[in-house]
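All of these numbers come straight from a predicted model, not from anything done at the bench. Residue numbers begin at 1 in each chain, while the letters A, B, ... track the order of the sequences.
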2 protein chains.
Amino acid sequence: MKCISSKPSEERIKEAARKVFLKKGFDGTTSRDIAEEADMNIALTNYYFRSKEKLFLEIFKDLLNLYFQNTLDILNKDLDFKSKIYETIDHTFEMVSKEPDLCNFIVNEVHRSPERLVPDINFVRQVRHTKFGEQLEEEIKKGNIRPIGIENILPMLCGYIQFIFMGKSMHMRIFEIGEHEFDAYAKDHKERIKEMIICYLYN
Amino acid sequence: MKCISSKPSEERIKEAARKVFLKKGFDGTTSRDIAEEADMNIALTNYYFRSKEKLFLEIFKDLLNLYFQNTLDILNKDLDFKSKIYETIDHTFEMVSKEPDLCNFIVNEVHRSPERLVPDINFVRQVRHTKFGEQLEEEIKKGNIRPIGIENILPMLCGYIQFIFMGKSMHMRIFEIGEHEFDAYAKDHKERIKEMIICYLYN
DNA sequence: AGTAGTTTTAAATATTTGTTTAAATTATAC
DNA sequence: GTATAATTTAAACAAATATTTAAAACTACT
């Protein structure tokens, strides 16, 4: 009974918490913020999850998964090296476009208190050993690309475009542009990143 | 008298506030944190600055200045285009090395509540019109480098290396390395960024 | 030494925080 | 339909929050 009837409420709280945590971060979020967003009684957040901290950890786990899993899948896909580079960059772009607060949230929460998030972060260790990593070594061995480690190429594929979005607010104000213009700029910059990485790797 | 005798206390509070705000952010910092860090009575933060918010805005202004001013100076320096690229990247690296929380702080605070920081951000508009910008146009006109706008090249010079440091915590855990190894990695990556940008620009 | 002005202190302010309680309501099973 | 369990509610909780107060301690100048 519990599972069936409680799901709507429990799910509503999680969705609300996800939304508020993403926007305000853990420190900036109050239990009442979440309850209000979910349009529910304050006590329910502690009824379904035992504390704000517990609720946060669940949300964080989900969001870290969203942040990494698809990229991980692409890296392990059956696809040629160069296409994989393009697809990873495109996917990162799509991801941050759909969830504009995600990168800021993950990077900031991990930076602020890495210790408590360690068990979740461990899952991300998978990026060290992917099919893409093997392909990378192969391309280097063949002399097709310059020598480079996985820890150097991954930030190029994922991090650079993420930074553009993380600094969106400031960028828009510095260059006095609106949402629409920023999107065009980001898209353009993404293509430049692709070309730049290819240019660098293939000399 | 006020100026001479109050400076030590006022300065001690600012230094403490700077330290705590940098580490914990505005939301994560309490007035007591600051007072404790400064080893002073809690009431003094409100005696010298009128509120936590006012104190924060002063600190933020200083830190935003630290974040941008030196880069701005370099961009306006009397130096050839290519050297300026190298120097900007090197300076950004030095800056984040010395103040590891700075980028996370600035990016996060601006992202969370850009409105209240607008007056400060306006100062950063200067990056749009620098000597470097003129040099950039000239190099493009001469056909030395490919066409690119200042809004695209600046993130390459400043943002990419910043992202590496912003994700330091996660990177260290993913690749199971310590501080020392990370520094070596970051240094290496910085040189790769230089080469990549040059390679991209000069085709 | 005494006084005016500044700085520091301990204590109290009113809110807000996360969390809990115990009663009320709803749903489920027999 | 009634008993049992699950859910929701309003209210209260203690602790922490930013800020203020009013008195004490200190400083500088006559």
Asks: Which nucleotide sits closest to the side chain of Ala43(B): dT8(D), dT17(D), dT21(D)?
Replies: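 Among dT8(D), dT17(D), dT21(D), the one nearest the side chain of Ala43(B) is dT21(D).
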Asks: If you find the nucleotide of DNA chain D closest to Tyr47(A) and the one closest to Asn41(A), which residue's nucleotide is nearer the 5' end?
Replies: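 Looking at DNA chain D, the more 5' nearest nucleotide goes with Tyr47(A).
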Asks: Should Ser9(A) be listed as having a side-chain N or O under 4.0 Å from OP1 or OP2 of dT8(D)?
Replies: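 For dT8(D), OP1/OP2 do have a side-chain N/O of Ser9(A) under 4.0 Å.
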Asks: Can you measure Glu53(B) atom CD to dT19(D) atom C1' for me and round it to whole angstrom units?
Replies: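 One finds 14 Å between C1' of dT19(D) and CD of Glu53(B), rounded.
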Asks: Does this structure show an ion pair linking Arg192(A) with Asp188(A), if we count only N-O contacts that are shorter than 4.0 Å?
Replies: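 Salt bridge: yes.
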Asks: Taking the side chain of Tyr48(A) as its heavy atoms from C-beta onward, which of dT19(D), dG18(C), dT8(D) lies nearest to it?
Replies: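 Within the option list, the nearest is dT8(D).
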Asks: Compare the minimum distances between each of dT8(D), dT19(D), dG18(C) and the side chain of Ser31(A), then state the nucleotide with the smallest one.
Replies: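 Selected nucleotide: dG18(C).
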Asks: Stepwise, does the ring pair (Phe, Tyr, Trp, His ring centres under 6.0 Å) test hold for Phe163(B) with Tyr160(B)?
Replies: CA-CA 5 Å; Phe163(B) 182 86; Tyr160(B) 294 176; 9.2 Å; no
Asks: Test ring pair (Phe, Tyr, Trp, His ring centres under 6.0 Å) on Phe81(A) and Phe132(A); report intermediate values, then the result.
Replies: CA-CA 7 Å; Phe81(A) 180 73; Phe132(A) 179 76; 5.2 Å; yes
Asks: Any donor-acceptor pair, under 3.5 Å, between the side chain of Asn46(B) and the base of dA18(D), if you only look at N and O atoms?
Replies: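 No, the side chain and the base share no sub-3.5 Å donor-acceptor pair.
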Asks: How long is the line joining NZ of Lys52(B) and P of dT17(D), in whole Å?
Replies: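 Going from Lys52(B) (NZ) to dT17(D) (P), I get 9 Å.
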Asks: Do Phe21(B) and Phe105(B) have ring centroids that are under 6.0 Å from one another?
Replies: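 No: the rings miss the under 6.0 Å criterion.
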Asks: Once the angle between the rings of Phe68(A) and Phe123(A) is folded into 0 to 90°, is it parallel (under 30°), tilted (30 to 60°) or perpendicular (over 60°)?
Replies: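 Aromatic pair Phe68(A)/Phe123(A) classed perpendicular.
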Asks: Reckon Thr45(B) has a side-chain N or O less than 4.0 Å from the OP1 or OP2 of dA18(D)?
Replies: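 Thr45(B) to dA18(D) OP1/OP2: no side-chain N or O under 4.0 Å.
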Asks: Looking at dA16(D), does its base get a donor-acceptor pair with the side chain of Arg32(B) below 3.5 Å?
Replies: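 Checked by distance alone, the answer is no.
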Asks: Atom CE of Met40(A) and atom P of dT19(C): how far apart are they, to the nearest Å?
Replies: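 About 17 Å, once rounded to whole Å.
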Asks: Using whole Å, report how far CD of Glu36(A) lies from P of dT17(C).
Replies: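 Roughly 11 Å, once rounded to whole Å.
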Asks: How close or far is atom P of dA18(D) from atom NZ of Lys54(B), stated in whole angstroms?
Replies: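 Interatomic distance, NZ of Lys54(B) to P of dA18(D): 15 Å.
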Asks: Contact class for Ser51(B) (heavy atom, under 4.0 Å): base, sugar-phosphate, or nothing?
Replies: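 Ser51(B): backbone/sugar contact only, no base atoms under 4.0 Å.
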Asks: Rounding to an integer number of Å, can you tell me how far Ile42(B) CD1 sits from dA12(C) C1'?
Replies: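 Checked: the CD1 to C1' distance equals 12 Å.
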Asks: What is the distance, to the nearest angstrom, from the CG atom on Asp33(A) to the P atom on dT16(C)?
Replies: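 Distance check: Asp33(A) CG to dT16(C) P gives 12 Å.
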Asks: Between C1' on dT21(C) and CZ on Arg50(A), what's the gap in Å once rounded to a whole number?
Replies: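 Spelled out: CZ on Arg50(A) to C1' on dT21(C) is 17 Å.
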